[in-house]
Amino acid sequence: YLPNLKPMLESKDEVTRAVAVMALGHIQNEAVPVLLTIARNDPSPRVGFSALSGLAMQGDPVARQELKQLYTSGISTGEIKIDDVKREVVRVLLRDVQPEDLPILEDALNQQFLAINYRFLIAEALGRLADKTAIPALEQSLNLQTEPEYGEMVKQAIVAINKRAEGQA
């Protein structure tokens, strides 16, 4: 894939560069972080943000922390709307959920910008984290979603949290 994407990174078209950078973030190859680091300095905020997201998906802890700061600061990046920034941060965090991600995931769970498929994934991830402080956010999220399947997922997550907290899992 890299031979096909490299020329796209040099395109005059911002959308083409952004798509190439987004694709790079999903490729596991030692050359990818170098290319994404270069793309971070692209004049387009969209390309730079996509590169940051890709670096975080590659496991770069500094990029992951910077993404999380963008979520909590509520500041958009150039022409990218804050809801789109937050959605992307959640998408990246869900690839490898860490206990320190809990505050962002709890907040995202109860935001209108988040689609139901993300709520399902967050509920499942919170169940795996087994932190009882997540239960109020899970319960509150039921007010935003009326789908029975989602309610069942939340119940399962709460049961999993309680079992793990009691050492039964």
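Starting from 1, each residue takes its place in the sequence as its number.
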#### Entry: Gap between atom CD of Q140 and atom CG of N110 - 0.5 Å precision
4.0 Å
### Query
Other than V34, what residues sit in its cluster of Ile, Leu, Val, Met, Phe, Trp and Tyr side chains whose heavy atoms are under 4.5 Å apart, directly or through others?
I38
### Task
Identify the two heavy atoms, one from L109 and one from L144, that lie closest to each other, and give their separation to 0.1 Å.
O-CD1, 3.9 Å
### Query
Is any side-chain heavy atom of R64 closer than 4.5 Å to a side-chain heavy atom of Q98?
yes
### Task
Any chance you could lay out the side chain to side chain contact (heavy atoms under 4.5 Å, CB included) test for I161 and L138, step after step, and finish with the verdict?
CA-CA 11 Å; I161 289 169; L138 285 163; 3.7 Å; yes
### Q111: partners by side-chain contact (heavy atoms from CB on, under 4.5 Å), with sequence neighbours left out
Y71, D107, F113
### Query
Cluster question for you: counting only ILVMFWY and a side-chain heavy-atom cut-off of under 4.5 Å, with indirect links fine, are L36 and L2 together?
yes
### Task
Return the set of residues passing salt bridge (Lys or Arg N to Asp or Glu O under 4.0 Å) with K68 (not counting sequence neighbours), or none when no residue passes.
D101
## Note on the structure
Contacts satisfying ring-ring contact (aromatic ring centres under 6.0 Å, His included) that involve residues 131-161 (not counting sequence neighbours) are F120-Y150
### Summary
Interatomic distance, NZ@K86 vs OG1@T72, rounded to 0.5 Å, equals 8.5 Å
#### Entry: Atom pair CD1 (I82) and CZ (R87), whose distance is rounded to the nearest 0.5 Å
10.5 Å
Give every donor-acceptor pair under 3.5 Å between a side-chain atom in residues 121-136 and any protein atom, sequence neighbours left out.
from : atom 1 : to   : atom 2 : distance (Å)
E124 : OE1    : R128 : NH1    : 2.2
E124 : OE2    : R128 : NH1    : 2.7
D131 : OD1    : T133 : N      : 2.9
D131 : OD1    : T133 : OG1    : 2.6
K132 : NZ     : N162 : OD1    : 3.4

### Minimum-distance pair of heavy atoms, taken over all atoms of V47 and A39
CG1-O, 4.0 Å
### Task
Look at D84 together with K81 and state whether they make a salt bridge at an N to O cut-off of under 4.0 Å.
no
### Query
Does I80 offer a backbone N or O that forms a donor-acceptor pair with the side chain of R46 under 3.5 Å?
no
For residues 51-63, which side-chain donor-acceptor pairs fall under 3.5 Å, sequence neighbours excluded?
from : atom 1 : to  : atom 2 : distance (Å)
S53  : OG     : E88 : OE2    : 2.3
Q58  : NE2    : G25 : O      : 3.0
Q58  : NE2    : I27 : O      : 2.8
D60  : OD1    : V62 : N      : 2.8
D60  : OD1    : A63 : N      : 3.0

### Query
In Å and rounded to the nearest 0.5 Å, what is the NZ to CG distance from K6 to L24?
9.5 Å
### Summary
Quick note, salt bridge (charged side-chain N to carboxylate O under 4.0 Å, His left out) partners involving residues 149-158, not counting sequence neighbours, are none
### Task
Report the residues that fulfil side chain to side chain donor-acceptor pair (under 3.5 Å) with Q156, sequence neighbours left out, ordered by chain and then residue number.
none
### Summary
side chain to side chain donor-acceptor pair (under 3.5 Å) filter on E147, not counting sequence neighbours, yields Q145
### Query
Taking only residues at least two apart or on different chains, which pairs with a member in residues 86-111 satisfy ring-ring contact (aromatic ring centres under 6.0 Å, His included)?
none
### Task
Mind checking side-chain contact (heavy atoms from CB on, under 4.5 Å) for D13 and listing every partner two or more places apart, or none if nothing turns up?
S11, V15, T16
### Summary
So the side chain to side chain donor-acceptor pair (under 3.5 Å) pairs with at least one residue in residues 29-40 (sequence neighbours excluded) are R40-E66
